[in-house]
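What follows is one structure encoded as C-alpha cells, with my remarks underneath.
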Amino acid sequence: MKKVGVAILGLGVVGGGTYKILTDNKEYFKSTQNLDITVESVLELNKERALSLGVPESAIASSIAEVVSNPNVDIVVEVIGGVKVARDFVLQAISSGKSVVTSNKELVAKYCHELEAAAKKMNVGLYFEASCVGGVPIIRTLIDGMQANKITVLKGIVNGTTNYILTKMSQDGADYQDVLKEAQKLGYAEANPTADVEGFDSTYKLSILSSLAFNKKVTIDNIHREGITGITKEDIAYAKKSGFAIKLLAIAKNGPQGIEVRVNPTLVPLSNPLATVNDSFNAVFLTGDSVDDIMLYGRGAGALPTGSAIVSDVIYAAKHAGDYYYAPFKNSDTAEKTTKFVTDFSSKYFIRMRLKNIVGVLSKLTSVFSKNGINLTYVKQNAMEEGVVELILITDISSESSINKSIEKIKTFDEVNSVESVLRVED
Ligand code: HSE
C-alpha cells in the first residue's frame with residue numbers, strides 16, 4: 001500500500017473539513033484507494049483550534065519552512081486564502097518538490113501560469129478542484145470527462161452567497177440590504193461582502209473554468225463583470241410576474257465570433273433548471289458537441305463539500321505521481337493574440353421604466369427601438385400612482401450597443417420619468 005503524507009496550511013473552515021475527511025476516512029481510503037494517507041503536518045497559528053480538531057501537538061508546525069522541509073510530506077494543501085502569502089507558500093512547497101492542492105480561486109485565476117510553470121519544472125502536481133463550485137467536481141469533469149467534446153457553452157451559478165441573497169429576496173420580497181445583513185449574521189456572507197456581491201468571486205471561477213473548457217487562456221480582465229448590488233425587490237417581483245427568476249450567472253460561450261465571457265445578473269425562465277437552484281447551492285451547465293447538455297449541481301461552499309473536492313485532489317495527485325496534469329494551452333498571464341473576444345454582447349433584454357400616462361408615449365418609445373433594429377417580444381403596462389405607468393419590455397436578441405443607444409435616447413424624453421432597470425435574459 002502506498003503511504004502518502006499531507007500537510008494542511010490553514011485550519012479554518014475548509015482546512016478543518018479537509019482534516020476531518022482525511023482522518024475520519026483513513027481506513028476507507030486504505031481499502032478503496034490502496035492509499036495510506038496521513039496528515040503529517042499542519043500550519044495553523046491558532047494552536048488551540050488545531051488541538052480542538054484533534055491534531056496531535058507534534059504535527060503542528062510553526063513555520064512554512066518546517067512544513068516544506070518535512071520529508072514525510074508529499075502533498076501540501078493550501079487553504080489559507082488571500083494571494084500574497086498563499087502564493088509565496090505554494091511556490092515554496094513546489095520548489096521543495098511537493099505537489100500542491102489549493103482551494104484558492106483568486107490565486108489560481110491570477111497566478112496559475114506562474115504556479116504551473118514552477119510545478120512543471122519540479123515535476124510535481126498542482127490541483128485546484130476546490131477552487132470552483134465547492135464540492136461539485138466541475139474541474140475533473142472538464143479535464144477528465146469531457147475530452148471528447150469541443151465545449152461551446154459553460155454557464156451557471158458559481159457563487160453561493162449571491163444565490164442565497166437573491167433567493168431570499170425572491171422568497172421574502174425583501175430588500176437587498178436587509179437580506180445581506182441577515183446573510184452576514186448567519187455566516188453566509190462575509191463582513192466585507194464585496195468579492196461575492198460585486199461578482200469578483202464568480203469572475204475568478206469563470207476565468208479558471210472557461211480557460212479549461214475552451215483550452216485557451218481567459219483572464220479575469222477578459223471577463224465582463226456586474227454584481228447584484230443594483231438588483232431591487234421590484235426587479236425580482238416584476239421578473240417573477242413575467243415568468244423569470246433573477247440569478248447571478250457566469251456565462252462563457254465559444255462561437256464563430258469568438259469567446260464571450262461575462263458575469264451578470266440575468267433573468268432565467270422559471271422553466272429553466274437554473275431557476276430552481278436556490279439558497280447557497282451552485283449549478284453549472286455545459287454544452288459539448290458530442291454529449292449535448294449536461295448539468296452539475298451541488299454545494300458550492302462549506303467545510304465538508306469543499307473538503308471533499310480537496311481530498312479528491314489529494315487522492316488524484318497521489319495516484320498520478322510523476323504523471324501530473326497541466327493545462328494543454330500555453331499558460332501565460334494574458335490571452336493569446338489570436339483569441340478573439342466578443343464585447344458587444346447579444347442577448348434578450350428585460351427593461352423596466354416609469355412613464356407619464358399620456359397619449360402617444362408608447363408609439364414614441366417603440367419607434368426608438370425599431371429604429372435601432374430591436375424587436376419587442378413582450379410588452380406589459382401596469383398603472384401606478386395617478387398619471388404614471390410602469391412599462392415592462394422584453395426584447396428579442398439584440399446587441400448591447402443598440403440597447404444602450406435606445407435607452408440613452410429614451411431617457412431624454414419628457415414623458416419618461418425613469419428607466420428603472422435593464423437586465424439581460426438568458427434562455
Ligand atoms: N464565497 C464563495 C461563495 C465561497 O459564496 O460561493 C466558495 O467559493
Side-chain angles (χ1 to χ4, degrees), residues 10 12-18 21 77-83 86 101-112 127-142 154-169 176 179-210 212 220 223 225-229 231 246-251 263-266 274 277-284 296-313:
V13 173
V14 175
T18 303
I21 297 171
V77 173
E78 182 277 307
V79 277
I80 50 177
V83 163
V101 171
T102 176
S103 61
N104 193 327
K105 68 224 81 159
E106 185 176 357
L107 179 72
V108 177
K110 291 184 177 169
Y111 294 106
C112 194
Y127 293 95
F128 42 88
E129 179 64 71
S131 66
C132 298
V133 203
V136 177
I138 176 71
I139 291 185
R140 190 77 23 78
T141 299
L142 288 170
L154 179 150
K155 69 180 162 190
I157 297 162
V158 297
N159 180 270
T161 306
T162 48
N163 204 39
Y164 175 83
I165 292 173
L166 291 172
T167 304
K168 281 284 161 201
M169 285 174 74
Y176 166 77
V179 177
L180 173 63
K181 271 188 210 135
E182 187 198 328
Q184 283 170 322
K185 240 193 251 163
L186 291 169
Y188 283 113
E190 309 258 353
N192 178 355
T194 310
D196 292 314
V197 299
E198 296 292 2
F200 290 101
D201 176 84
S202 297
T203 303
Y204 300 143
K205 291 167 182 169
L206 189 61
S207 162
I208 298 167
L209 295 176
S210 57
L212 292 172
I220 49 181
I223 300 175
R225 175 185 54 79
E226 292 169 40
I228 63 160
T229 51
I231 301 294
I246 299 184
K247 297 290 183 187
L248 183 67
L249 290 194
I251 299 173
V263 168
N264 56 250
T266 313
L274 285 176
V277 176
N278 283 327
D279 300 316
S280 60
F281 278 87
N282 286 189
V284 180
L296 291 95
Y297 169 87
R299 293 193 183 276
L304 295 179
T306 311
S308 158
I310 288 173
V311 173
S312 83
D313 272 351

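First listed ligand is number 1; within each ligand, the first listed atom is number 1.
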Derivation and outcome, salt bridge (charged side-chain N to carboxylate O under 4.0 Å, His left out), residues K168 and D279: CA-CA 7 Å; K168 281 284 161 201; D279 300 316; 5.2 Å; no

Which parts of the protein, at residue level, reach under 4.0 Å of ligand 1 through a heavy atom? K105, N159, G160, T161, D196, D201, K205, G300, A301

Between K247 and N264, do the side chains contain a donor N or O and an acceptor N or O under 3.5 Å apart? no

Of T162, N159, N163, which is the lone residue that meets side-chain hydrogen bond (donor to acceptor under 3.5 Å, both in side chains) with D196? N159

Could you walk me through whether V158 and L248 satisfy the side chain to side chain contact (heavy atoms under 4.5 Å, CB included) test, starting with their C-alpha distance in whole Å, then the side-chain angles of each, then the deciding distance to 0.1 Å, before giving a yes or no? CA-CA 8 Å; V158 297; L248 183 67; over 6 Å; no

Among D313, V311, T18, find the residue that satisfies the side-chain contact (heavy atoms from CB on, under 4.5 Å) test when tested with V101. D313

OG1 of T229 to CG of L180, rounded to nearest 0.5 Å, is 10.0 Å

